[in-house]
Structure formats: C-alpha cells, structure tokens
Amino acid sequence: MTEIRVVEGILKANDALAESNARRFAEHGVRALNFISSPGAGKTTLLERTLEHFKGTWRIGVIEGDIATSRDAERIQALGAPVVQINTQGGCHLDANMVGRALENLPLEALDVVFIENVGNLVCPVSYKLGEEAVVAVLSIAEGQDKPAKYPALFRRAETMVLNKLDLAPYCDVDVEALIGETRKINPKLEIIRASCRTGEGLEAWYAWLERRLCRKGA
C-alpha cells in the first residue's frame with residue numbers, strides 16, 4: 001500500500017508540473033504533441049519528414065528524449081529546427097519536470113508547434129503527462145501484430161497512431177488487418193494512419209491529420 005501511495009504522489013506532482021507546462025505553451029500560443037513508441041519504430045524519421053513538409057508553414061521546435069546520446073537531436077538540428085536533447089541517463093520516460101527545464105532553452109515566442117519525442121518505450125511514458133495536448137502513437141509493422149493488445153494503455157490514450165514501415169509488411173509475419181482490428185477494439189476512436197516514412201507512402205494522410213488537429217481551436 002505504501003508503494004502505491006508513493007507512485008500516486010509522484011504522478012500527482014508530475015500532473016501539476018504538466019499543467020504548468022501546458023499553461024506556458026498556451027501563453028505563447030504554442031501547440032504541443034507527445035510522440036510515444038517503442039525504440040526503432042520511426043519517431044525521429046517521422047519528425048524529419050514532418051519538418052521538411054511544413055518548412056515555411058509552421059515554426060516547429062523539438063524536444064528529444066533519449067537515455068543516452070544526442071544523435072536524434074543532431075538529425076533534427078540538421079534540418080534547421082530548434083531542438084533540445086534530454087538524456088535521462090537510464091530513465092525510461094520523460095516527465096513534466098524534464099520538459100519544463102527543456103522549455104527554458106526553446107524560443108517559445110518564435111514557435112508555433114513543439115513536438116516531444118519521448119524515450120522509446122511502450123509502457124512508462126504513457127503514465128506521465130508532459131503538458132501536451134495530444135499523444136501520437138507510432139507503431140512499426142516489424143514489431144508484430146500483438147503489441148496493441150499487450151500494451152493497451154498507449155493506444156487508449158493516443159489520438160492517432162501512425163502504423164509505420166508499411167513497406168516491410170511483405171517481409172514480416174504480420175496480419176495488418178488483424179493488427180488494426182485489435183487496436184480498434186482497444187480504442188474505437190483512434191485514427192490509424194498507414195505509412196512508410198522510408199517510401200513516403202501514407203504521409204499525406206499524416207500531414208492532413210496534423211493540419212486538422214493543430215488548426216482546431218481550443219483543442
């Protein structure tokens with residue numbers, strides 16, 4: 001029972017900091033999305049394609065979460081976007097305090113959107129609100145069709161799921177329709193976008209979703 005109270009206390013404190021982050025985003029008119037996936041699902045590549053597509057349209061900043069290295073941040077920086085790297089040094093998720101400190105190093109007054117790339121993990125990041133207005137789940141075909149059923153919390157919380165690496169479907173023992181069917185049982189409202197960041201297939205649908213979501217006032 002003591003352990004449960006400790007966890008509840010941690011999450012309550014995190015939620016208060018997340019609300020502070022959300023107010024900060026709102027004060028600057030910045031929209032924020034939290035990208036969650038397992039390692040290697042393609043979050044960084046999806047962000048790269050998104051930055052390229054909306055260059056000159058939106059002013060986008062990125063917060064990169066990783067256990068070690070700044071490799072993802074370097075890829076984002078190469079595209080000219082302001083980026084802050086958070087290394088958790090073993091931590092399996094970002095929390096609101098980390099994101100709050102990262103915001104000190106982003107020029108929020110000069111941004112329209114902030115994308116937060118969480119640490120690759122299908123479990124822990126789901127429990128921690130960061131001040132974002134929506135969660136985007138990224139799932140790779142190569143992970144297998146049972147991941148939504150085994151890790152349902154992410155797919156319940158997310159507004160949309162990008163089913164990435166669709167070009168690998170012929171080489172993986174995955175029933176794509178069964179995967180989507182299981183995911184819809186968990187969250188019938190979840191929008192599912194089939195895509196391949198490598199070939200570009202399906203990315204127009206992702207860009208369209210993003211435009212609809214971020215142009216929605218008061219969301």
Does the side chain of Arg213 pick up a donor-acceptor pair with the side chain of Thr160 at under 3.5 Å?
no
Is the closest side-chain heavy-atom distance between Val99 and Ile116 below 4.5 Å?
yes
Any side-chain heavy atom of Arg212 sitting closer than 4.5 Å to one from Glu191?
yes
Contact summary for Asn14 and Ala96, nearest pair of heavy atoms
OD1-N, 2.8 Å
Check the pair Thr44, Arg71 against side-chain hydrogen bond (donor to acceptor under 3.5 Å, both in side chains), reporting the backbone distance first and the verdict last.
CA-CA 10 Å; Thr44 309; Arg71 294 179 185 180; over 6 Å; no
Closer than 3.5 angstrom, by distance alone: can the side chain of Asn87 be matched with the main-chain N or O of Ser70 as a donor-acceptor pair?
no
Test of understanding: clusters of I, L, V, M, F, W, Y form through side-chain heavy atoms closer than 4.5 Å, transitively. Do Ile86 and Leu130 belong to the same one?
yes
Shared hydrophobic cluster for Met98 and Ile63 (ILVMFWY, side-chain gaps under 4.5 Å):
yes
Go through Asp66 and Gln85 one step at a time and tell me if the side-chain contact (heavy atoms from CB on, under 4.5 Å) criterion holds.
CA-CA 8 Å; Asp66 227 329; Gln85 176 75 56; 3.6 Å; yes
Please answer: with hydrophobic residues joined when any side-chain heavy atoms are less than 4.5 Å apart, are Tyr151 and Val162 in the same cluster?
no
Quick one, Leu163 with Ile193, criterion side-chain contact (heavy atoms from CB on, under 4.5 Å). Give me CA distance, side-chain angles, the key distance, then yes/no.
CA-CA 6 Å; Leu163 184 57; Ile193 299 168; over 6 Å; no
Is the closest basic N to carboxylate O distance between Glu19 and Lys129 below 4.0 Å?
no
Shortest non-hydrogen contact between Ile67 and Gly91, atoms and distance:
CG1-O, 3.5 Å
Derivation of the salt bridge (Lys or Arg N to Asp or Glu O under 4.0 Å) call for Arg194 and Glu177:
CA-CA 11 Å; Arg194 308 178 194 211; Glu177 298 307 322; 2.8 Å; yes
As an exercise, state the distance from SG of Cys172 to CG of Leu179, rounded to the nearest 0.5 Å.
11.0 Å
Taken to the nearest 0.5 Å, the spacing of Cys124 SG from Asp95 CG works out to 11.5 Å
Phe25 side chain near Arg31 side chain, heavy-atom distance below 4.5 Å:
no
In terms of heavy-atom contacts, Pro82 and Pro107 come closest through CB-CD, 4.0 Å
Any side-chain heavy atom of Trp206 sitting closer than 4.5 Å to one from Asn164?
no
Give a yes or no answer on whether the side chain of Asn187 reaches the backbone of Phe155 with a donor-acceptor pair at less than 3.5 Å.
yes
Are any non-hydrogen side-chain atoms of Leu168 and Lys165 less than 4.5 angstrom apart?
yes
Looking at Leu103 and Arg24, what are the two nearest heavy atoms and their distance?
CB-NH1, 3.8 Å
How about Leu122 and Glu143: do any of their side-chain heavy atoms sit closer than 4.5 Å?
yes
From CA spacing to verdict: side-chain contact (heavy atoms from CB on, under 4.5 Å), Val138, Leu46:
CA-CA 9 Å; Val138 182; Leu46 180 63; 4.0 Å; yes
Distance from Asn121 atom CG to His93 atom NE2, nearest 0.5 Å?
9.0 Å
Do Leu47 and Leu214 belong to the same hydrophobic cluster, where Ile, Leu, Val, Met, Phe, Trp and Tyr are linked whenever their side-chain heavy atoms lie under 4.5 Å apart, directly or via other members?
yes
Nearest heavy-atom approach of Val126 to Arg157 is O-NH1, 2.6 Å
Would you say that Ile60 contacts Leu111 through its side chain, given a criterion of any heavy-atom pair below 4.5 Å between the two side chains?
no
Under 4.0 Å between a Lys/Arg side-chain N and an Asp/Glu carboxylate O for Arg59 and Glu109?
no
How long is the gap from CG on Leu203 to CZ on Arg49, to the nearest 0.5 Å?
7.5 Å
Mind running side-chain contact (heavy atoms from CB on, under 4.5 Å) on Lys43 and Glu64 for me, showing each step along the way?
CA-CA 10 Å; Lys43 295 189 301 301; Glu64 285 286 349; over 6 Å; no
Hey, does the side chain of Lys150 reach the backbone of Asp146 with a donor-acceptor pair shorter than 3.5 angstrom?
no
Between Gly65 and Leu94, which heavy-atom pair has the shortest distance, and what is it?
CA-CD2, 3.8 Å
Glu159 atom CD: more than 12 heavy-atom contacts under 6.0 Å
yes
Could you give the distance from CD1 (Ile76) to CZ (Phe115), rounded to the nearest 0.5 Å?
9.5 Å
Report the distance from atom CZ of Arg184 to atom CG of Leu190, rounding to the nearest 0.5 Å.
7.0 Å
Co-membership, hydrophobic cluster, residues Trp58 and Leu33, 4.5 Å side-chain:
yes
Any side-chain heavy-atom pair from Arg75 and Thr45 closer than 4.5 angstrom?
yes
